[in-house]
Amino acid sequence: NPNHKKADPLHLGNGKWAAKVNKLLGYKIIHGRYFERSFDFSRASTTTRVNKGGYVEDVVAHMPRIDYATSPEGALLIEKASENAITYPISFDNSYWTKNNASITSGHQSPKLGGSAFKLVEDTSNGEHSIVSPSDIPCPSNRNNAFSIYAKKGERKWIAFNHSFGTKDYSKCYAWFDLENGVWGESTKNPSSNNLHNLTSVSLANGWYRISLTGVSGNIPYTGLPDVAEIRICSAISDGDFSYQGDGTSGIYIAYAQLENGHDEPTALMIPTSEGTSASRVADSVACFGVAQDFSYTGTQGVLFLDVEKYRGKNGYITLNDGDINNQVKIHLQSHRADNYCTVEYTSNGVTGWSTYDSVIMDNRERHKYAFRWLNGNWSLWIDGKEMAAQEAYTTMMPFNTLTQLEFKLGGNHTITEGNEFYGKIHSIKVADFLEDEEMAALTDTGEVEEEEGEEEASGGYYYYNGDLGFDGIGLVNL
């Protein structure tokens, strides 16, 4: 419609972050000025994030986390509840950890602000130089279990560690990581049905890495394995070799071990109130309950855009809805066995007007850009700069002013359950008016981060977003 005046889009993120306890600010740019749009946020426990400087730091309860571990622009970190099954994850000098031809020294610089780090020092023996957890860490059968640890090279640059289940030799799986070059080395897997997978690493400040892997406990055909795990951390002399003649002084630096049952990959570091008990964190929850003008146009036409990283093995929704599921626009990121799909759906008055499964198989941990567009019975789905699905299906459309909120879960009246809420990293979200094909291609292009222009000087009632104002104890700044 040439007479239609496009509405100003609603934004979240895109390198512009501001937050305080229980609140996260999105924004609209209207006539070159930034208007605040508030998102509700909750998480009834403390947790951690990686700050701009590359260090892990504590985050108080109900404070949104803008995490910089994988992006210099920062991303909103949304995680499910979790628990660390290792009860002495900090003090490697505690008797909880058995030392094999090695000793532990304390007082070293930590990857966490105000935190602890230790050095695993080899002795002069010829053999394995390691520390080993108890062999009875609770670890339910037939589930993925994510192990992670922070490590830094010392005189030795290789670390080897394994995530073994039960007491059988065939359940032991070692992996090697090069702490100098930040790459994985050779992995030994016995057997293939119980192998290690999802090997990842994140580079942090001062030469530290967070290294993680996932193992499957008691997997078929080995259902007789006990529901327990053992963690073994070794200093290694080379790729594939952890048994060697020690010199009595060399070693590697280590900090913060974490084992999460039922997880395909690790979540943020959890710090126990006191060691000897499990540390845990409840899930993050975030939603935007908008004013009428934010979503007034979206019933009949609009675009829902996501720039996100979804956690492996989890399904999750991001929806525009009316506080229920009778009227909603949703993007559903799914995991089906080895394949991963994006489903989009438009529902009006309880009737689904269009729904499609995208046939493109994607790595569901990698960052992707999705955009769902609708206009008077015409729909299309764009992913990473390309139109992947489209359809003309003339049907009943929602009237103006129907959609009232943006949520990171299915429909407003649904409780937060596994496979319902989105978990991962939000780099950017945009709710926009109808966009032409060229604009959709540019919006979802995987090149440079989209640039936005807004006036730097603003007056009462306006907020200027630059970096992460407000997140680092500054508070929300009203310019």
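As the structure is a prediction and not an experimental result, all values here were calculated from the model.
For the salt bridge (Lys or Arg N to Asp or Glu O under 4.0 Å) test, no residue two or more places apart in sequence or in another chain qualifies with Asp322. Applying the side chain to side chain contact (heavy atoms under 4.5 Å, CB included) rule to Asp58 yields the partners Thr48, Lys112, Ile271; only residues at least two apart in sequence or on another chain are considered. Not counting sequence neighbours, the partners of Glu436 by the side chain to side chain contact (heavy atoms under 4.5 Å, CB included) test are Phe434, Glu438, Glu439.
With a 4.5 Å cut-off on side-chain heavy atoms, Val344 and Trp374 do not count as touching. Residues Val431 and Leu406 meet the side-chain proximity criterion, which asks for heavy atoms closer than 4.5 Å. In this structure, Ile211 and Ile159 have side chains that are in contact, with non-hydrogen atoms separated by less than 4.5 Å. Taking 4.5 Å as the limit, every side-chain heavy atom of Lys16 sits out of range of all side-chain heavy atoms of His11. Leu24 places a side-chain heavy atom less than 4.5 Å from the side chain of Leu76. Here the side chains of Leu25 and Ser38 are in contact, with some heavy-atom distance below 4.5 Å. Taking the side chain as every heavy atom from C-beta outward, Met63 and Thr46 never approach each other to under 4.5 Å. Annotation: side chain of Val329 is in contact with side chain of Met398 (closest heavy-atom distance under 4.5 Å).
A distance of 11.0 Å separates OG of Ser285 from CZ of Arg43, quoted to the nearest 0.5 Å. Rounded to the nearest 0.5 Å, atoms CG (Asp307) and OH (Tyr370) are 10.0 Å apart. Put simply, OG on Ser82 and CD on Glu260 are 3.5 Å apart, with the number rounded to the nearest 0.5 Å. Note: Lys310 NZ to Ile426 CD1 = 12.0 Å, rounded to the nearest 0.5 Å. The structure places NZ of Lys52 at 10.5 Å from CD1 of Ile66, a figure rounded to the nearest 0.5 Å. Here the NE2-NZ distance, from His108 to Lys152, works out to 10.0 Å after rounding to the nearest 0.5 Å.
Taking the charged nitrogens against the carboxylate oxygens, Glu36 and Lys28 have no contact shorter than 4.0 Å, which rules out a salt bridge. Between Asp433 and Arg373 there is no salt bridge, since no side-chain nitrogen of the basic residue lies less than 4.0 Å from a carboxylate oxygen of the acidic one. Salt bridge Lys157/Glu180: present, at least one basic N to carboxylate O contact under 4.0 Å. Between Arg367 and Glu309 there is no salt bridge, since no side-chain nitrogen of the basic residue lies less than 4.0 Å from a carboxylate oxygen of the acidic one. For Lys369 and Asp384, the salt-bridge test fails: no basic side-chain N is under 4.0 Å from an acidic carboxylate O.
Remark: aromatic rings of Tyr253 and Tyr150 are distant, center separation not under 6.0 Å. In summary, the aromatic rings of Phe177 and Trp158 are positioned with their centroids too far apart to meet the 6.0 Å limit.
When only modelled atom types and interatomic distance are considered, Arg65 and Thr47 share a side-chain donor-acceptor pair under 3.5 Å. For the residue pair Arg210/Ser148, the side-chain donor-acceptor check at 3.5 Å is satisfied. With hydrogens and angles left out, the side-chain atoms of Thr214 and His263 include no donor and acceptor closer than 3.5 Å. Inspection of the Asn321 and Gln405 side chains reveals an N or O donor paired with an N or O acceptor under 3.5 Å. Side-chain N/O atoms of Tyr317 and Glu407 include no donor and acceptor closer than 3.5 Å. If you check the side chains of Thr200 and Glu265, you find no donor sitting under 3.5 Å from an acceptor. Remark: the Ser110 side chain and the Ser116 side chain contain no N/O donor-acceptor pair separated by less than 3.5 Å.
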Where do Tyr209 and Leu179 land on the side-chain contact (heavy atoms from CB on, under 4.5 Å) test, with the steps shown first? CA-CA 7 Å; Tyr209 289 90; Leu179 293 166; 4.2 Å; yes
Test log, rule ring-ring contact (aromatic ring centres under 6.0 Å, His included), inputs Phe372 and Tyr346: CA-CA 10 Å; Phe372 178 25; Tyr346 180 99; 7.4 Å; no
side-chain hydrogen bond (donor to acceptor under 3.5 Å, both in side chains) for Lys409 and Thr319? Distances and angles first, verdict last. CA-CA 6 Å; Lys409 66 183 183 71; Thr319 64; over 6 Å; no
Could you walk me through whether Tyr55 and Asn206 satisfy the side-chain contact (heavy atoms from CB on, under 4.5 Å) test, starting with their C-alpha distance in whole Å, then the side-chain angles of each, then the deciding distance to 0.1 Å, before giving a yes or no? CA-CA 9 Å; Tyr55 288 95; Asn206 198 33; 3.8 Å; yes
Report the C-alpha distance between Cys342 and Leu381 in whole Å, list the side-chain angles of each, state the deciding distance to 0.1 Å, and finish with yes or no for side-chain contact (heavy atoms from CB on, under 4.5 Å). CA-CA 9 Å; Cys342 173; Leu381 170 64; 4.0 Å; yes
Working note: Thr347 + Asn327, criterion side-chain contact (heavy atoms from CB on, under 4.5 Å); need CA distance, chi angles, decisive distance, verdict. CA-CA 5 Å; Thr347 301; Asn327 295 287; over 6 Å; no
Decide salt bridge (Lys or Arg N to Asp or Glu O under 4.0 Å) for Asp67 and Arg49; before the verdict, give the C-alpha distance in whole Å, the side-chain angles of both, and the deciding distance to 0.1 Å. CA-CA 5 Å; Asp67 187 85; Arg49 69 153 185 167; over 6 Å; no
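Between Lys80 and Gly262 the shortest heavy-atom distance is NZ-O, 4.1 Å. Shown here for Trp382 and Met440, the closest heavy-atom pair between the two residues is CD1-CE, 3.2 Å. Leu306 approaches Ile429 most closely through the heavy-atom pair CD2-CG1, 4.0 Å. Closest approach of Leu204 and Gly54 over heavy atoms only: CB-O, 3.4 Å. Closest approach of Glu83 and Ser278 over heavy atoms only: OE2-CB, 3.0 Å. Across every non-hydrogen atom of Val59 and Pro64, the tightest pair is CG1-O, 4.4 Å.
Checking side-chain atoms of Gln258 against main-chain N and O of Ala268 turns up a donor-acceptor pair under 3.5 Å. In this structure, the side chain of Asn181 does not engage the main chain of Asp178 through any donor-acceptor pair within 3.5 Å.
Evaluated for a side-chain contact (heavy atoms from CB on, under 4.5 Å) with Ile78, the options Phe41, Tyr423, Tyr311 yield exactly one hit, Tyr423. Among Leu269, Asn84, Ile149, Leu259, the single residue meeting the side-chain contact (heavy atoms from CB on, under 4.5 Å) criterion with Pro89 is Asn84.
Ring geometry for Phe408 versus Phe39: interplanar angle of 30 to 60°, hence tilted.
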